[in-house]
Novice: 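Got a structure for you, written out below as structure tokens; questions coming shortly.
Source: prediction; values computed, not measured. Order of the sequence lines sets the chain letters (A, B, ...), proteins ahead of strands, with each chain counted from 1.
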Amino acid sequence: MTSATTHTAWDREKAAEVIAAHRNLEGPALPILHALQEAFGHVPQDAVPLLADALNLSRADVHGIVSFYHDFREAPAGRHVVKVCRAEACQSMGGHALAEGLLRRLGLEWGGTTADGQVTIEPVYCLGLCASAPAALIDGRPLGRLTRERLDAAVNEARADWATA
Amino acid sequence: MGDSMTDPGIMTHRIFIPRDVAALAVGADEVVAAVQAQAAALGAPVAIVRTGSRGMFWLEPMVEVETPQGRVAYGPVQAQDVPGLFAAGWLTGAVHPLRVGRPEEHPFLARQTRLTFARCGIVDPLSVADYKANGGYRGLAKAIEIGGAATVEAVTKSGLRGRGGAGFPTGIKWKTVRDAQADQKYIVCNADEGDSGTFADRMILEGDPFCLIEGMTIAGLAVGATRGYIYSRSEYPHANATMGKALEIARASGLLGRNILGSDVEFHLELRVGAGAYVCGEETALLESLEGKRGVVRAKPPLPALKGLFGRPTVVNNLLSLATIPVILDLGAQHYADFGMGRSRGTMPIQLAGNVLHGGLFETAFGLTLGEIVMEIGGGTASRRPVRAVQAGGPLGAYLPPSQFDTLYDYEAFAARDALIGHGGLVVFDDTVDMAHMARFAMEFCAEESCGKCTPCRIGSTRGAEVVDRILAGRDVAANIALLEDLCNTMKFGSLCALGGFTPYPVLSAIRHFPEDFHTRDSRRRHLPAAAE
Ligand SMILES: Cc1cc2nc3c(=O)[nH]c(=O)nc-3n(C[C@H](O)[C@H](O)[C@H](O)COP(=O)(O)O)c2cc1C
Ligand code: SF4
Ligand code: FES
Ligand code: FES
């Protein structure tokens, strides 16, 4: 939950295993999609037919489900994912300028990944840290009462673990 | 000072450090590491207990030390403060600039009535023994003793209204499900807490998860449901991890499954996690999502109470509604109903958030004024600038100006001002806020999160954001404001659920109470601080 993402490349057998592990739940689609994204860093296109088969749905249905939910990525994210809160309570504490500044310094749009594939910045609408705003999650690690300095330091720290690896 | 405590070699000192994500976000784990290191260096035997948060977030990480006088708090503690705290003698509750004193004597806590949050921040959230030692499972024992019908009656008599937003009487919903005939019924906990400015559900998931398990078990007993789901959100990874562990512990301790507490009560409970769609907090979209579909809102009727999850009778309740059930059964419906005013009975866990000096969780009987809550309890803004607006009830709630601070915190009093209590969030803004920007955000959020079923919601909100852009650019301002108001009316009356139907409230309240931010863009922008642009 709090470490950088290291995902395996597409592996049909592994995908089938992940699907089999959850398919007997009531309403298995979301648990399976979460598990696939956990394993591969995104929901691989190649998994869609397998999932359609397992759930007795059409491929179009599965695609409709995947694309409905903001969480599910159709392509892998960078090694580190920074989710910056854009919601109202964070805005009241300067979250808007904080986020825009970070994007500008990294030369990214929302959802973008740095050229070195290291950092993806994603928007999130409320982390429940609204009394400790502005807030962000970096690779699952929560940060509150953020300043520009603390946010930059945390992003750089996440990147550095790779640079020195 | 207690003499027995002065020799650290004699007894182990318990030190309570929150594991609530709001404490982790400001360095609680680093404090734990520092306490362990310093205790080892000094040879002081300490036992660290990780708790939920008391909800005084400006004091987090708030560390409590067990002394003969009771627990003494210090905060906000940073790792580098720890050696000094040991040196000052915090193990005996000694004076230090960070000393808060006894938590329950702190005015912010002393003024509260903690019923739903009685244990949060005090107990180890994953200890069944702690839970039971602090009143846990007395409510279920009572429900088992009086039976399902009387349990539903008690909930009705308590006056509890749904804490998820709509304020529907919980007992009436339960009765509908109880009276329905089916091979399977479900209890679904709505923990998809998506409103900005709210974190009460999260605090229970992280700080008192057994309370939710007990509440849902009672609900199952009351309506005849043997299966339940907690639908939480992916934005809460820590809460989900804690809740997941609590469920495992409950299953292993016979608190879930068959013959709970030695009775014939059977209840199976699972945690499910959403995937970043705000609209899945709407109960029917939530059910679709639980079934594995796109989170598209269903038309009502049929009510979920009759045809809910997999078409079966289903209680869908907000987490706070369910977590309040044990205390209602334990202390009695009348005890709960004696708090509050009018048709708003009991207590509300108010969440003070945003630009507020004393942000956190404040559980109190209904009936304080908004001004008391924001100015006296919240202490005004964190920036120390004047309060300009308070958004009540999340992204679909109105912005209230200080001139409405006399509004009583009560469902009906808020509704009379076109505002809503919702899930209890209050987000405070200072005078640097640009209300036209906030109106634009409301439209943009609706466009982003619309499930797509209704045209006014899906298209109207996108148009709305464009219209605000024109206003922000100072183009045909009067005509565009009229257009925006028109759009809002179309959304209000042409939307199936409150996402499209209530987005107009923040927009229209911003126009009504802060017209200067819309009508005079050019003059206003010049004096705005850079941060608000
Ligand atoms: C767009 C939208 C989002 C909602 N989000 C939530 C939510 O996050 N949590 C919640 O309990 N209720 C939410 N609701 C309200 C639910 O539809 C429903 O009224 C509630 O879960 C019923 O439980 P209660 O009676 O205990 O309040 C939302 C409603 C709408 C229209
Ligand atoms: S109002 Fe919006 S979110 Fe609600 S049902 Fe209609 S399109 Fe979906
Ligand atoms: S609004 Fe940012 S954490 Fe809630
Ligand atoms: S949930 Fe995001 S567009 Fe529907």
Novice: Indicate yes or no: at least one non-hydrogen side-chain atom of H42(A) is less than 4.5 angstrom from one of P44(A).
Specialist: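 Yes, close enough: below the 4.5 Å cut-off.
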Novice: Against chain A, label E206(B) side chain, backbone, both or neither, depending on which of its atoms sit under 4.5 Å from a heavy atom there.
Specialist: neither
Novice: Heavy-atom distances under 4.5 Å only: say whether L24(B) touches chain A with side chain, backbone, both or neither.
Specialist: both
Novice: So which of A25(B), G359(B), G292(B) has the largest heavy-atom pair count under 4.5 angstrom toward chain A?
Specialist: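 When all of A25(B), G359(B), G292(B) are compared, A25(B) has the most.
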Novice: Under a 4.5 Å cutoff for heavy-atom pairs, which residue among R202(B), E193(B), E291(B) has the most contacts with chain A?
Specialist: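 Most heavy-atom pairs within the cutoff with chain A belong to R202(B).
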Novice: Is it the side chain or the backbone of A442(B) that comes within 4.5 Å of chain A heavy atoms, both, or neither?
Specialist: neither
Novice: Picking from P395(B), P506(B), A239(B), which has the most non-hydrogen pairs under 4.5 angstrom with chain A?
Specialist: P395(B)
Novice: Measure distances from Y236(B) to the heavy atoms of chain A and classify the residue's part below 4.5 Å as side chain, backbone, both or neither.
Specialist: side chain
Novice: May I ask you to check whether Y231(B) and S289(B) show a side-chain donor-acceptor distance below 3.5 Å?
Specialist: yes
Novice: Please list, in residue-number order, every residue in residues 46-56 of chain A that has a heavy atom less than 4.5 Å from any heavy atom of chain B; write 'none' if there are none.
Specialist: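 Near chain B, by residue number: none.
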Novice: Going by heavy atoms in the side chains, are E60(B) and P18(B) under 4.5 Å from each other?
Specialist: yes
Novice: Is it the case that the ring center of H34(A) lies less than 6.0 angstrom away from the ring center of F72(A)?
Specialist: yes
Novice: Side chain, backbone, both or neither: which part of V428(B) has a non-hydrogen atom closer than 4.5 Å to chain A?
Specialist: backbone
Novice: Strictly by modelled atom types, are H423(B) and D195(B) linked by a side-chain donor-acceptor pair under 3.5 Å?
Specialist: no
Novice: Are any of the side-chain nitrogens in E122(A) or R73(A) under 4.0 Å away from the carboxylate oxygens of its partner?
Specialist: yes
Novice: Mind checking whether Y505(B) and S509(B) have side chains closer than 4.5 Å, heavy atoms only?
Specialist: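 No, too far: nothing below the 4.5 Å cut-off.
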Novice: Sort out for me which of M203(B), H358(B), Q351(B), K293(B) touches chain A most, counting heavy-atom pairs under 4.5 Å.
Specialist: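 Going by pairs under 4.5 Å, I would pick K293(B).
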Novice: Which atoms of I65(A) come close to chain B, meaning under 4.5 Å heavy atom to heavy atom: side chain ones, backbone ones, both, or neither?
Specialist: both
Novice: Are the aromatic ring centres of F445(B) and Y125(A) under 6.0 angstrom apart?
Specialist: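 Under 6.0 Å, so yes.
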Novice: Quick check on the interface: out of G295(B), C280(B), G425(B), who has the most heavy-atom pairs with chain A under 4.5 Å?
Specialist: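 Among G295(B), C280(B), G425(B), the one with the most close pairs to chain A is G295(B).
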Novice: Measure distances from R150(A) to the heavy atoms of chain B and classify the residue's part below 4.5 Å as side chain, backbone, both or neither.
Specialist: side chain
Novice: Taking only Lys NZ, Arg NE, NH1 and NH2, and the carboxylate oxygens of Asp or Glu, determine whether D431(B) and R385(B) approach each other closer than 4.0 Å.
Specialist: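 Salt bridge present between D431(B) and R385(B).
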Novice: Any salt bridge (charged side-chain N to carboxylate O under 4.0 Å, His left out) pairs touching residues 270-279 of chain B, not counting sequence neighbours?
Specialist: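 Only E270(B)-R272(B) qualify under salt bridge (charged side-chain N to carboxylate O under 4.0 Å, His left out).
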Novice: Could you check which of S67(A), P28(A), G64(A) has the highest count of heavy-atom pairs closer than 4.5 Å to chain B?
Specialist: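 Among S67(A), P28(A), G64(A), the one with the most close pairs to chain B is G64(A).
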Novice: Contact part of M438(B) toward chain A, heavy-atom cut-off under 4.5 Å: side chain, backbone, both or neither?
Specialist: side chain
Novice: Establish, yes or no, whether the cationic atom of R312(B) lies under 6.0 Å from the six-membered ring centre of F310(B) and within 45° of the ring axis.
Specialist: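 So R312(B) doesn't make the cation-pi contact.
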Novice: If the threshold is 4.0 Å, N to carboxylate O, is there a salt bridge linking R104(A) and E100(A)?
Specialist: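 No, no charged N to carboxylate O under 4.0 Å.
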Novice: When only pairs under 4.5 Å are counted, which of A29(A), A133(A), A131(A), P134(A) shares the most heavy-atom pairs with chain B?
Specialist: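 Heavy-atom pair counts peak at A131(A).
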